[in-house]
Structures are given as C-alpha cells and as structure tokens.
Asker: 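I have a structure I would like to understand better, so I am pasting it below and will then ask my questions one at a time.
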Amino acid sequence: MAGQTAAASDRATLLWVYGVVAASADTTALAAGSTGVDPDAGVETVAEGGLAAVVTRVSRGEFGEERLRATLEDLPWLEQKARAHNEVLERALEATALVPFRFCTIFDGDEDVRAMLRHEAPRLEHALERLAGRVELGVKAFVSDDLLVARLRDREEGSDELASATGGRRYLLEKRRDQAVARAATDFRTSCARETHSVLAGLAEAARVNPPRHAAVADGERDLILNGAYLVGRDRQNAFRSELRALAERYGGDDAVRFELTGPWPAFNFVEDDRGR
Amino acid sequence: VSSRDLRGPLTEYRGGGAALPDVLERVLDKGIVVAGDIQINLLDIELLTVKLRILIASADKAREMGIDWWEGDPFLSRSARREELEERVERLEEELREARSRPLEEGAPADDDGGADGSS
C-alpha cells in the first residue's frame, strides 16, 4: 500500500529498516558511530509505542524498487550494503537487544514504518523479549579428507598382517583396509559434527544447524561438516568459547579438523521460529 | 584484523572480521520478515542467493559427499520428524490390516514370529 502522494523530493523519502529495538534503548552511540547503507544519510530511529525501528533515509534513485532489482545483481554493491546492514546491527547490539530485519526491508516514509511497528508489535515484542541478553554465535567445522584418511589409515595399518602379506593377498587386504578407512571417515564426520553440535547446543538457549552451503570458502581443501548457529546468553559466551576450544583440541590435534567461531552476531538465525527448515 | 587463513584447531573472528559468505548467509537468508512497502520479495532474494552460492561455494558438494546427517535427524529437522511420524502411521495401519485379516487364517501354520495365539 504505497499510494501516498507525499513530497516527491528524491532524498529522504524511503526508509531502510535494519531492525527493531525497544523505544527506551540507548541508541546515541548508534547514531554517532554508524555509516549505514547510505554514508551520507546516517542512522536514526523511528519510534512508535514501545518500539523503535533503526533506519537510514535512502534515495529513491538508488533504492527504488526497479533500480534495486538491477543493483542487487551487482556484487560489490551488494557486499557493501550487506556488510553495512550487519554492522549497524552489530553496533546496536553492543548496547541493547534487537530484532534483525531481513536485507532490503524498505518503507515509503515514516508513517509506513510506524504502521508496521503497530501492526507487528506483538511479534516484535515477543522476539525482543526472547533475545534480551543473548547473542548469536556461529560455529563451523571443516575436515581435511586427506589428513583424516591418513590418520585413520595409520590406525588400521598398525594391527595388521598386512605388513607381511605379499602379492594378491596383499592387494585384497589393502582393498579391505581402504574400505574400512572410508567407512570410518564417514562415521567420523558424522559423529564429530553431531557431538560438537550437541555439546554446544547444551550451552545455548537455542541452536540451529544450517546446511553447509559455503563448503569451499574458507579453504578449498576442506569440507564443511558443521554449520551451526547458537543463541547464547551474553554471560555464557566465555563458557561457550572455552568449551569449543576443548572440542577443537580433542578433534583437531593433527589438523584434520579445524573449527571457526564467529560472532557475536545479531540473532539472525533466531527470529523466525516458525520456519520450516 | 583477521585474515582468512585458518591455522590451528580453532580460529575466532569477532565483529566485522567475518567473511562475506557468513554475512550474506545471515543478512540475505535470515532475519525477520515483515511486509515492507518495497518488497524485493523473497523469491528475488532467494534467486539471488542461489546465484551467490554458485559463485561463492561449491554448492551441494557436501550433499554429494554424504554429509547430510542433519536432514535425517529427527532432533534437528522438522520435515524429518514429519516423515518419521508418517512412517509410524503407515506401520500402524499395516499392522491393523494384518490384525484384521488374521482370524481368517486360524489353523494355518504359525507365522514366523512364533505364533501369538498361545497354542503349544
């Protein structure tokens, strides 16, 4: 419903919404320190009732619907805006609880933002309550297949009559060993990922496993076996980190497994509890 | 602050140091969805993320390699749970059908679970 015939000045007509905080939250640091999706415009809040939307006023020229469809395909533009969206929320998160909005949530004027806040108030307030005092941490585990296989093969080889065998018998024994190693490698991946997830989930208020989509990113030689997100109390972050360090020591001794911890993030993974996946 | 090479068993990235895929995965694909005036709607964004995935990652490599344990885990996946329930319902229906047809087979040789009618 964008039928307003409001002032048609190019600037200051659209509002990019990063997320929502309590209207009582301290957002002074936010306004001062953040760049936002439009460096010229800064970051401010639009309040209604008990809630305030964190916004940037953006130009219709750059953020109008048609233009946006085209620029979204522009990877450098997208990277810049995606990082800006996240950074504003990260900065706000330092001072207060917040509900992060999906990228590209844009409204046509202050009144439409207020209407959204009224309309969505129950859901947003519920989410704010749930997220208060908590942050999202991300954990990934990567396995090097080569190193894992080497580790498991050493183990298989030690006990064997393989060393003394020759010819066809040796060939068969080697084949059997390789099959056993392949099975053990699969089992290891599964159990390492599960165990890590269940230990970490035990320290979190909520936990979620995402499909390992970005498998090749961190290191082309490694496979991503766990892509987890954890909603952790601010006061339990250290416990979470040291537990993960212990897991990393346990699984990562010979470098076959590496772990990566990111965050604290705005709780992107924990605002839609009715998601099917 | 942080470069992207992983050394040692655990690497920690704090605020701002995260890699682009980590940011995009959250920003584009997660976060609460409300009806905005301008809706670059989810379909568009999802098409976009698919493209990005292809660009950034070797997309479904993990699945090819059989790393899909979360999909079949009733604890982790709702759809898996639904499948499990459907399976259970099917099994019960089958047992019911069997039970209904059983009286007709009285006197026939005991079935392979040893015969439940108590004759010895």
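Letters A, B, ... mirror the listed sequences (proteins, then strands); counts begin at 1. Heavy-atom basis, side chains included; hydrogens, waters and symmetry copies ignored. Everything numeric in this text was worked out from a predicted model, so none of it was measured.
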Asker: Quick check on the 6.0 Å ring-centre criterion: do Phe101(A) and His85(A) meet it?
Answerer: no
Asker: Could you tell me which portion of Glu120(A) (side chain, backbone, both or neither) has an atom closer than 4.5 angstrom to a non-hydrogen atom of chain B?
Answerer: side chain
Asker: Select one option (side chain, backbone, both, neither) describing which atoms of Tyr251(A) are under 4.5 Å from chain B's heavy atoms.
Answerer: neither
Asker: Checking Arg222(A) against Ser144(A): is there a side-chain donor and acceptor pair closer than 3.5 Å?
Answerer: no
Asker: Only pairs of heavy atoms separated by less than 4.5 Å count here; which of Phe63(A), Trp265(A), Phe107(A) has the most with chain B?
Answerer: Trp265(A)
Asker: Does a side-chain N-to-carboxylate-O contact under 4.0 Å join Glu79(A) and Arg83(A)?
Answerer: yes
Asker: By a 4.5 Å heavy-atom criterion (distance strictly below it), what part of Glu94(A) contacts chain B: side chain, backbone, both, or neither?
Answerer: neither
Asker: Please test Arg245(A) against Glu12(B) for salt bridge (charged side-chain N to carboxylate O under 4.0 Å, His left out), starting from the C-alpha separation and ending with a verdict.
Answerer: CA-CA 10 Å; Arg245(A) 269 179 221 126; Glu12(B) 301 183 31; 3.1 Å; yes
Asker: Checking heavy atoms, do the side chain of Leu124(A), its backbone, both or neither come under 4.5 Å from chain B?
Answerer: side chain
Asker: I'd like to know if Arg250(A) and Glu195(A) make a salt bridge, using a cut-off of under 4.0 Å between side-chain N and carboxylate O.
Answerer: yes
